[in-house]
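Accompanying notes for the structure given below.
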Amino acid sequence: MKNNLGKIHIYTGDGKGKTTAALGLALRAIGAGYRVYIVQFLKGQDYSELKSLKPLKKITVKRFGEKTFIHKVGTNPDIIAARSALNWSKQVVKSGKFDIVILDEIFLASFFKLISTVEVIKLIKNKPKNVELILTGRKASPQVIRLADYVTEMKEVKHPYQKGLKARKGIED
């Protein structure tokens, strides 16, 4: 069963639901007996989704970042966190201990030049053939999209924050 793993998934776009989709895949995977590791780039706040993962012993989460979002080229702490996340991700992917590895918000880290697209491509190309890799975040590069087996673009059509509604606990937070 596990010998059919090894595909690359991308969840990108400006719409809501990229991390949610990756977490849904993680839940399905542990139900099938897979071992899942999630590396979160640029996420430092305590989201509700993380609380729900704590009792699930088959999903490991490691977070890197001080802020929820960055909107400009990163400061030194952002760069350090993103570089640490990338280095940690390489170790996890190559370890052979996990069937599915999710790199949450890696594309935003690349877009803001905290890590390079070349490094993301190298990570993908150097992964063991039986590790399923899921990458999320806005602004996925065309070069990475070409390497992927699955690409889903979340498109924002309408969202209440356009009318000033702040993130709600359990829905957006």
Side-chain angles (χ1 to χ4, degrees), residues 6-26 36-50 53 60-94 98 100-127 131-162 164-167 171-173:
K7 302 294 186 211
I8 309 295
H9 305 242
I10 291 176
Y11 296 112
T12 192
D14 291 331
K16 179 182 173 327
K18 297 171 287 293
T19 298
T20 304
L23 292 177
L25 192 151
V36 177
Y37 200 104
I38 301 171
V39 178
Q40 290 193 311
F41 288 69
L42 309 176
K43 287 193 172 178
Q45 290 190 349
D46 194 23
Y47 292 99
S48 298
E49 64 210 23
L50 296 175
L53 294 178
T60 305
V61 180
K62 178 82 171 163
R63 302 167 65 209
F64 295 85
E66 296 184 10
K67 303 174 187 173
T68 306
F69 299 104
I70 60 174
H71 297 284
K72 59 184 170 123
V73 175
T75 61
N76 199 42
D78 292 329
I79 294 167
I80 292 168
R83 300 267 348 129
S84 297
L86 180 66
N87 290 331
W88 188 263
S89 298
K90 290 175 187 176
Q91 291 175 20
V92 169
V93 168
K94 285 189 173 187
F98 302 95
I100 312 256
V101 179
I102 297 171
L103 305 178
D104 187 33
E105 297 295 353
I106 191 168
F107 296 130
L108 207 52
S110 177
F111 176 76
F112 283 117
K113 302 199 181 331
L114 305 174
I115 59 174
S116 75
T117 300
V118 170
E119 291 172 299
V120 176
I121 290 168
K122 190 186 260 186
L123 186 150
I124 293 168
K125 288 185 172 182
N126 291 329
K127 75 167 191 64
V131 173
E132 198 93 357
L133 198 56
I134 294 87
L135 302 99
T136 77
R138 296 171 189 254
K139 314 288 187 195
S141 74
Q143 302 95 310
V144 175
I145 287 173
R146 281 193 289 277
L147 295 173
D149 300 290
Y150 299 86
V151 178
T152 301
E153 182 177 5
M154 308 301 194
K155 180 181 176 190
E156 182 180 303
V157 176
K158 186 177 182 180
H159 195 295
Y161 80 81
Q162 295 165 337
L165 183 68
K166 296 202 187 294
I171 305 299
E172 292 94 7
D173 185 8

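A quick note: this is a predicted structure, and the numbers were derived from the prediction, not measured.
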What distance separates [X] [atom1] from [Y] [atom2], expressed to the nearest 0.5 Å?
X	Y	atom1	atom2	answer
L42	F64	CG	CZ	11.5 Å
I115	S110	CD1	OG	5.5 Å
L25	I100	CG	CD1	5.5 Å
S141	R146	OG	CZ	8.0 Å
L135	D104	CG	CG	10.0 Å
R138	F111	CZ	CZ	10.5 Å

Sequence neighbours excluded, the answer for side-chain contact (heavy atoms from CB on, under 4.5 Å) partners of V61 is I38, Q40, L50, L53, I59, R63

By side-chain contact (heavy atoms from CB on, under 4.5 Å) - contacts of K122 (at least two apart): N126

Which heavy atom in [X] sits nearest to a heavy atom in [Y], and how many Å separate them?
X	Y	result
A148	I10	CB-CD1, 3.6 Å
A85	V39	O-CG1, 4.0 Å
A140	I145	O-CD1, 3.9 Å

Report yes if some heavy atom in the side chain of [X] is under 4.5 Å from a heavy atom in the side chain of [Y]; otherwise report no.
X	Y	answer
F41	L103	yes
V101	K127	no
M154	K16	no
L123	V93	yes
I124	V144	yes
D78	F112	no
D14	K139	yes

K18 vs E153, test: salt bridge (charged side-chain N to carboxylate O under 4.0 Å, His left out). Steps then yes/no. CA-CA 8 Å; K18 297 171 287 293; E153 182 177 5; over 6 Å; no

Audit row: E105, T19, side chain to side chain contact (heavy atoms under 4.5 Å, CB included) steps and yes/no: CA-CA 8 Å; E105 297 295 353; T19 298; 4.2 Å; yes

Check whether [X] reaches the backbone of [Y] with its side chain - one donor and one acceptor, N or O, closer than 3.5 Å.
X	Y	value
T12	G137	yes
D149	I8	yes
Q91	W88	no

Just to verify, what does F98 make a ring pair (Phe, Tyr, Trp, His ring centres under 6.0 Å) with, not counting sequence neighbours? Y37

